[in-house]
Amino acid sequence: KEKILETVFESLSPMKLKVFPSKEKRKIVVLTQIARQFEAGKRYTEKEVNQIIQEIYADYVTIRRFLVDYGFLERTRDCKEYWVK
């Protein structure tokens with residue numbers, strides 16, 4: 001896990017992702033790390049989610065999609081609110 005984080009992240013504080021991995025195991029490690037940036041029990045607007053992810057990686061849309069698809073975040077049907085699952 002640590003090796004993966006060292007390889008794909010430029011920095012963990014502040015969190016900066018160099019490259020989003022294509023391998024499943026690496027993706028899950030990266031998404032777990034990014035999901036920790038969100039507070040449990042708090043509701044976020046799509047704009048807030050985008051801002052948090054954009055500080056980590058330029059392609060925030062892809063990361064947001066994977067966070068939802070892999071079950072790290074839930075969202076309303078209209079995509080207006082997001083929260084940690």
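Values reported hereafter were calculated over all heavy atoms of this structure, with side chains retained and with hydrogens, waters and symmetry mates removed. FYI, the numbering just counts along the sequence from 1.
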### Query
With under 30° as parallel and over 60° as perpendicular, where do the rings of Phe66 and Phe20 fit, or are they tilted in between?
tilted

### Query
Between Ser11 (side chain) and Met15 (backbone), is there a donor-acceptor pair under 3.5 Å?
no

From [X] atom [atom1] to [Y] atom [atom2], the distance as rounded to the nearest 0.5 Å:
X     : Y     : atom1 : atom2 : result
Lys3  : Thr7  : NZ    : OG1   : 5.0 Å
Leu12 : Ile56 : CG    : CD1   : 10.0 Å
Tyr44 : Trp83 : OH    : CH2   : 13.0 Å
Arg64 : Gln54 : CZ    : CD    : 10.5 Å

### Task
Check Ile28, Val29, Val30 against Thr32 for a side chain to side chain contact (heavy atoms under 4.5 Å, CB included) and give me the one that passes.
Ile28

### Task
Report the residue from Val68, Thr45, Ile52, Leu67 that forms a side chain to side chain contact (heavy atoms under 4.5 Å, CB included) with Tyr82.
Val68

### Query
Can a salt bridge be assigned to the pair Glu46 and Arg75 using a cut-off of 4.0 Å between side-chain N and carboxylate O?
no

Might you confirm whether atom [atom1] of [X] has over 12 heavy atoms from other residues, nucleotides or ligands at distances under 6.0 Å?
X     : atom1 : result
Lys18 : NZ    : yes
Lys80 : NZ    : no
Arg65 : CZ    : no

